[in-house]
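Note sheet for the following structure.
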Amino acid sequence: MRQGLKRPRPTDTPERSPVSENVRVRFAPSPTGHLHIGGARTAIYNWAFARRHGGTFVLRIEDTDPERSTDENTQAILRAMEWLGLDYDEGPGVGGPYGPYFQTQRFASYADALERLKAADATYPCFCTPAQLDTKREAARARGGFAGYDRTCRLLSVADAEARIASGEPHVWRLKVPDDRGEIIFPDAVRGDVSFPADAVDDLVLVRTDGTATYNFAVTIDDATMAITHVVRGDDHLSNTPKQILIYEALGEPVPVFAHLSMILGADGKRLSKRHGATSVEAYRDLGYLPEAVMNYLALLGWSLDGETTILSRETLAGNFSLDRVSRNPAIFDDEKLEWLNGVYIREFSPSVFVERMLPWLEEAGLANAGEVESRREWFEELAPLVSERIKRMDEVVDMVGFLFRDAITIDPLAKDKVLAKEGAGRSLEAAADALMHLEDFDAVKVEATLRAIPESLGLKPKIVFQAVRVAITGSTISPPLFESIALLGKPRTLARLQDARPWATV
RNA sequence: GGCCCGUUCGUCUAGCGGUUAGGACACCGCCCUCUCAAGGCGGAGAUCACGGGUUCGAAUCCCGUACGGGCUACCA
């Protein structure tokens, strides 16, 4: 019944959890790297789900891998969350009643849970050595079929086991999977009913020889003790779910609703990795993408409002997100669509907002600083729409407006060949300089009127004239609109550049 | 090997038994035009992975196959 299970239609009402009407979800990244695109989408869905239901969004850092977890990564993840505007109600920095929010600080609760399992006769010590287990596993696999633990130590008598523990023999604690459990079926909020035969679930290790909790044990205890009602996470955890359900059951804890999100793949259909270029949220930020666009794109990569809507505000997302409209199939990440979407957001900016947004990029390129922007506010706001209309990534502003800020420009060699080398280019520059020299009000309208007269007077095509001037002024064949650019550049610099380009131009 | 999940234009998706299979990105053409964009108009692109059923009727329901993916650790 797993495949064709029809998910309930009226969105979200059936998301009623057996646990609580009070939605509590969590995003639990491991600080072994930066916030990955896939992780970001998981975070977004959790956030949106919580907001949609007036619930609580918890951020929990799973820093139990001491080798790879770093505080720096934790900070980077926190920053990425903030950049995306994913505010959480409980977690590092903000605290909350279910803390601490770092897994390494929750060890006591795992020990406590283990005691409860012992009391419930739901766990047993296992003395098999890793080497023995390897051998058994290999043999089992060679035989075909189930390759889980053969439950040797489960057969040990309590007295035996206690004696061996007392003698100091190393041991782990395993979950005693009930023999009569039958099929483990759970209603996945995105995939419908999913079922696993209970005898295919291993007597998994809960607590290691060194006393630390394994992943499946730790997450389950954390989710239970944090009263998480909906576990929305990556597809890679689907097979872990029956194990975790068994732990909830052994503990007598309510089982949350699970929702498994499919993976995000690279253009080649393979799992997203370094080979695919940028994979972290901050890499996209540095590439000139806007948080609005990344959020919008990721929201739609695996979820749809109605199949038509492509531009989606965070408010709309927060007000309409539903798990039953999440796609079940893996999605290929499409940089081009993200870029288009980014352009849409850039174009929507008002001049003053665009100026704010481009300032960091100008500063980083050493073109301008906040003070200059303040002192020439109108000038920047005139420039804004000329640029915002023609870029898709914020980093492009630097190339697009650089000529306005530098004293001297270098002319693109290709532009020299293609434009200045054309016959008539020299005459065009000369005529433009002569005409503009006498212009009093150096605004775009006047500049345009002045330059428009030149092609005819020289008997040249407008394109020849204007492109020559453009290259002389901006150094490139591509630029914001010419007349406006000239007006913004100002008379002295314009005349100087017209002059400077003359040696390159064919008369 | 075993268990589980998935498969609609190149890509993201709509679709919940009867549709000319809709939209978006990308692509192509035309218009606009001082470049580049943006914008407008139009176009091409999906035998709904394949094969069997069920049904008057299937992209939609069932079964199987193929392909892709996940899990199968004292990793997370």
Side-chain angles (χ1 to χ4, degrees), chain A residues 2-4 6-7 9 28 30 32 62 64-65 67-69 126 128-130 133-134 137 140-148 170-174 188 191 194-197 199-202 204-210 212 214-216 218-219 234-243 260 262-263 265 267 269-271 297 300-311 325 327-334 336-341 343 347 386-392 400 415 419 448 451-452 455 462-467 469-471 474 476-483 485:
Chain A
R2 39 205 148 275
Q3 243 194 8
K6 252 184 216 172
R7 287 175 294 160
R9 200 62 228 267
S30 157
T32 54
E62 309 214 322
T64 46
D65 184 341
E67 302 289 306
R68 299 183 297 153
S69 298
C126 171
C128 298
T129 65
L133 292 172
D134 283 347
R137 194 162 27 239
R141 183 127 5 159
R143 225 180 299 123
F146 184 62
H171 59 282
V172 300
W173 288 89
R174 286 185 182 272
D188 189 288
R191 331 191 87 98
V194 179
S195 70
F196 290 83
D199 55 15
V201 179
D202 206 359
L204 69 152
V205 173
L206 266 16
V207 174
R208 304 186 184 97
T209 306
D210 67 1
T212 60
T214 58
Y215 169 76
N216 280 118
V219 225
D235 210 351
D236 43 341
H237 292 293
L238 190 59
S239 307
N240 284 328
T241 307
K243 303 173 193 173
H260 289 96
S262 57
M263 311 252 94
L265 311 173
K270 303 272 188 221
R271 207 175 166 150
Y297 179 70
L300 255 23
L301 193 64
W303 177 80
S304 64
L305 178 59
D306 53 15
E308 307 282 300
T309 308
T310 47
I311 308 300
R325 286 194 67 85
S327 170
R328 287 171 299 257
N329 22 354
I332 292 175
F333 192 91
D334 182 3
E336 287 191 271
K337 191 159 186 176
L338 204 212
E339 197 166 69
W340 167 78
L341 204 45
R347 271 174 260 134
L386 306 179
V387 182
S388 64
E389 192 175 291
R390 23 184 66 77
I391 59 171
K392 289 186 173 156
M400 188 72 57
V419 176
E448 174 161 8
L451 294 181
R452 286 271 185 213
K463 201 162 179 169
I464 298 284
V465 177
F466 296 137
Q467 276 301 78
V469 174
R470 182 191 313 283
V471 169
T474 71
S476 166
T477 55
I478 300 171
S479 81
L482 187 58
F483 313 121
S485 295

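Every chain is numbered from 1 and lettered A, B, ... according to where its sequence line falls, protein lines coming before strand lines.
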Mind checking ring-ring contact (aromatic ring centres under 6.0 Å, His included) for A/Phe483 and listing every partner two or more places apart, or none if nothing turns up? A/Phe466

When the C1' atoms of B/C62 and B/G23 are compared, how many Å lie between them, rounded to an integer? 31 Å

Answer yes if the side chains of A/Asn216 and A/Thr214 hold a donor-acceptor pair under 3.5 Å, and no otherwise. no

Categorize A/Glu336 for me: base, sugar-phosphate, or nothing, with a 4.0 angstrom heavy-atom threshold over every strand shown. sugar-phosphate

pair_partner(B/C67), Watson-Crick or wobble, both distances < 3.5 Å, evaluates to B/G6

For A/Arg390, check side chain to side chain contact (heavy atoms under 4.5 Å, CB included) against everything at least two apart and list the hits. A/Met400, A/Pro481

Distance check: side-chain N/O of A/Arg68 vs OP1/OP2 of B/A76, anything under 4.0 Å? no

Atom CD1 of A/Ile464 and atom P of B/C34 are separated, to the nearest Å, by 14 Å

Please report the distance, rounded to the nearest Å, between CG in A/Asp188 and C1' in B/C4. 12 Å

Identify whether any heavy atom of A/Leu301 sits under 4.0 Å from a base atom; if not, whether one sits that close to sugar-phosphate; answer base, sugar-phosphate or nothing. sugar-phosphate

What does A/Ser476 touch in the nucleic acid at a heavy-atom separation under 4.0 angstrom: a base, only the sugar-phosphate, or nothing? nothing

Applying the 3.5 Å cut-off to both distances, the Watson-Crick or G-U partner of B/U55 turns out to be none

Separation of B/G68 P from A/Lys270 NZ (nearest whole Å): 8 Å

Measuring from the side chain of A/Ile478 (C-beta onward, heavy atoms only), which nucleotide among B/U72, B/C74, B/C36 has the closest atom? B/C36

Got a donor-acceptor contact below 3.5 angstrom from the A/Arg174 side chain to the A/Leu204 backbone? no

Looking at every strand, decide which applies to A/Phe333 at a 4.0 Å heavy-atom threshold: base, sugar-phosphate, or nothing. nothing

Which base sits across from B/C48 as a Watson-Crick or G-U pair, both distances under 3.5 Å? none

Please pick, from B/A14, B/C12, B/G69, the nucleotide with the shortest atom-to-atom distance to any side-chain atom of A/Ser304. B/A14

Choose from B/A38, B/A76, B/U8 the nucleotide whose nearest atom is closest to any side-chain atom of A/Asn329. B/U8

Taking only the P atom of each, what is the distance from B/G17 to B/A59 in whole angstrom? 13 Å

If only side-chain N and O atoms of A/Arg347 are considered, is one of them under 4.0 Å from the OP1 or OP2 phosphate oxygen of B/G39? yes

A/Ser476 side chain to A/Ile478 backbone, donor-acceptor under 3.5 Å: yes

Watson-Crick or G-U counterpart of B/C30, or none if no pair lies under 3.5 Å: B/G40

Check if the side chain of A/Lys337 and the base of B/A26 share a donor-acceptor pair of N or O atoms closer than 3.5 Å. no

The side chain of A/Arg174 lies closest to which of these nucleotides: B/C74, B/U72, B/C5? B/C74

Picking from B/U13, B/U35, B/C25, the nucleotide nearest the side-chain atoms of A/Trp340 would be B/C25

Complement of B/G1, any strand, by Watson-Crick or G-U distances under 3.5 angstrom: B/U72

Looking only at the side chain of A/Arg191 (C-beta and beyond, no hydrogens), which of the listed nucleotides B/C5, B/C71, B/C74 gets closest? B/C5

Taken to the nearest whole Å, CG/A/Asp235 to P/B/G70 is 9 Å

Determine the Euclidean distance between corresponding C1' atoms of B/U60 and B/U54; express it in Å to zero decimal places. 13 Å

Taking the P atom in each of B/G6 and B/G10, what is the distance between them to the nearest angstrom? 23 Å

Start at the 5' end of RNA chain B and walk down; is the nucleotide closest to A/Ala200 or to A/Lys463 reached first? A/Ala200

Taking atom types as they are modelled, would you say the side chain of A/Ser239 forms a donor-acceptor pair with the base of B/C4 within the 3.5 Å cutoff? no

Nearest-Å distance for atom pair CZ/C1', residues A/Phe196 and B/C5: 8 Å

Any base atoms under 4.0 Å from A/Asp202, or only sugar-phosphate, or nothing? Heavy atoms, all strands. nothing

A/Leu338 or A/Thr212: which one's nearest nucleotide on RNA chain B is closer to the 5' end? A/Leu338

Identify whether any heavy atom of A/Gly302 sits under 4.0 Å from a base atom; if not, whether one sits that close to sugar-phosphate; answer base, sugar-phosphate or nothing. sugar-phosphate

Please report, rounded to the nearest Å, how far the C1' atom of B/C34 is from the CG atom of A/Leu451. 10 Å

Separation of atom NZ in A/Lys392 from atom C1' in B/C25, rounded to whole Å: 10 Å

Expressed in angstrom and rounded to an integer, what is the separation of A/Glu339 atom CD from B/C25 atom P? 14 Å

May I ask you to verify if any side-chain N or O of A/Arg137 is less than 4.0 angstrom from the OP1 or OP2 atom of B/A73? yes

Taking OP1 and OP2 of B/G15, is either one under 4.0 Å from a side-chain nitrogen or oxygen of A/Arg325? yes

Could you check whether A/Arg347 and A/Ser388, counting side-chain N and O atoms only, form a donor-acceptor pair closer than 3.5 Å? no

Given 3.5 Å as the limit, does a donor-acceptor pair link the side chain of A/Arg191 with the main chain of A/Arg328, or not? yes

So A/Tyr215, base contact, sugar-phosphate only, or nothing? Heavy-atom distance under 4.0 Å. base

Can you tell me the Watson-Crick or wobble partner of B/A14, both distances under 3.5 angstrom? none

Which nucleotide sits closest to the side chain of A/Arg390: B/U13, B/C71, B/A37? B/A37

Could you please name the option among B/U72, B/C74, B/A76 that lies closest to any side-chain atom of A/Val172? B/C74

Distance between the P atoms of B/C5 and B/G64, in whole angstroms? 12 Å

Where the side chain of A/Asn240 is concerned, which of B/C34, B/C71, B/C4 is the nearest nucleotide? B/C71

Looking only at side chains, do A/Asp235 and A/His260 share a donor and an acceptor under 3.5 Å apart? no

Mind checking A/Thr477 for me? I need base, sugar-phosphate or nothing, with any heavy atom below 4.0 Å counting as a touch. base

When we call it a touch if two heavy atoms are under 4.0 Å apart, what does A/Pro481 touch: a base, just sugar-phosphate, or nothing? base

Spell out, as yes or no, whether a donor-acceptor pair under 3.5 Å connects the side chain of A/Tyr215 to the backbone of A/Thr64. no

For the side chain of A/Pro130, starting at C-beta, report the closest nucleotide among B/C74, B/G1, B/C4. B/C74

Classify A/Arg271 by what it touches in the nucleic acid, base, sugar-phosphate, or nothing, heavy-atom distance under 4.0 Å. sugar-phosphate

